[in-house]
Amino acid sequence: MTHSRYLYVVPRDQVAELVGPLLRHPDLRVRGAAAHSLGYNAAGGKFPRGLRRLLKEGDAEARRSALYAMGHSRDPRFIPDLLAVLRDPD
């Protein structure tokens, strides 16, 4: 997945406001890039529903981005999701 470098220069205090809504974008690549940017900025905990939706996508790269955001958020609400993926053969 190609990530736009611009998603990584958004000021941290504006990441949730500017990047979070992209988790609802119709293009899966945009949703994955948004999740990765949220993970990079440790802001994934503000979007549990969007990341969980992305985790259910069939695309491996999008799922990886969702997991990255969940892990970097250090939000304990994601522990069950992360454990479930560890048990998943895919």
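Because the structure is a prediction, the values reported are computed rather than measured. Just so you know, these numbers use all the heavy atoms, side chains as well, and skip hydrogens, waters and symmetry mates. Positions are given from 1, in the same order as the sequence printed here.
Residues Ala34 and Val19 share a closest heavy-atom pair of O-CG1, 3.6 Å. Residue Arg53 comes nearest to Leu23 through the heavy atom pair NH2-O, 4.4 Å, listed as atom of the first residue, atom of the second, then distance. Residue Ala35 comes nearest to Leu54 through the heavy atom pair CB-CD2, 3.4 Å, listed as atom of the first residue, atom of the second, then distance.
Under the salt bridge (Lys or Arg N to Asp or Glu O under 4.0 Å) criterion, Arg24 pairs with no residue, sequence neighbours left out. Residues satisfying the side-chain hydrogen bond (donor to acceptor under 3.5 Å, both in side chains) test with Gln14, not counting sequence neighbours, are none. Checked against ring-ring contact (aromatic ring centres under 6.0 Å, His included), Tyr68 has the following partners two or more places apart in sequence or in another chain: His36, His72.
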Go through the steps to decide whether Leu51 and Phe78 satisfy the test side chain to side chain contact (heavy atoms under 4.5 Å, CB included), and finish with yes or no. CA-CA 10 Å; Leu51 292 176; Phe78 290 130; 3.9 Å; yes
Report the C-alpha distance between Leu82 and Met70 in whole Å, list the side-chain angles of each, state the deciding distance to 0.1 Å, and finish with yes or no for side chain to side chain contact (heavy atoms under 4.5 Å, CB included). CA-CA 8 Å; Leu82 298 170; Met70 289 176 171; 4.1 Å; yes
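Here the side chains of Arg52 and Asp81 are in contact, with some heavy-atom distance below 4.5 Å. Residues Arg64 and Asp59 are not in side-chain contact: their nearest non-hydrogen atoms beyond the backbone lie 4.5 Å or more apart.
Residues Glu57 and Arg31 are paired through a salt bridge, judged by an N-O separation under 4.0 Å between the basic side chain and the carboxylate. Ion pairing between a basic and an acidic side chain is recognised when a charged N comes within 4.0 Å of a carboxylate O; Arg63 and Asp88 show such pairing.
When the side chains of ILVMFWY residues are joined at heavy-atom separations under 4.5 Å, either directly or via intervening members, Leu67 and Leu86 end up in two distinct hydrophobic clusters.
Atom NZ of residue Lys46 and atom CG of residue Asn41 lie 9.5 Å apart, to the nearest 0.5 angstrom.
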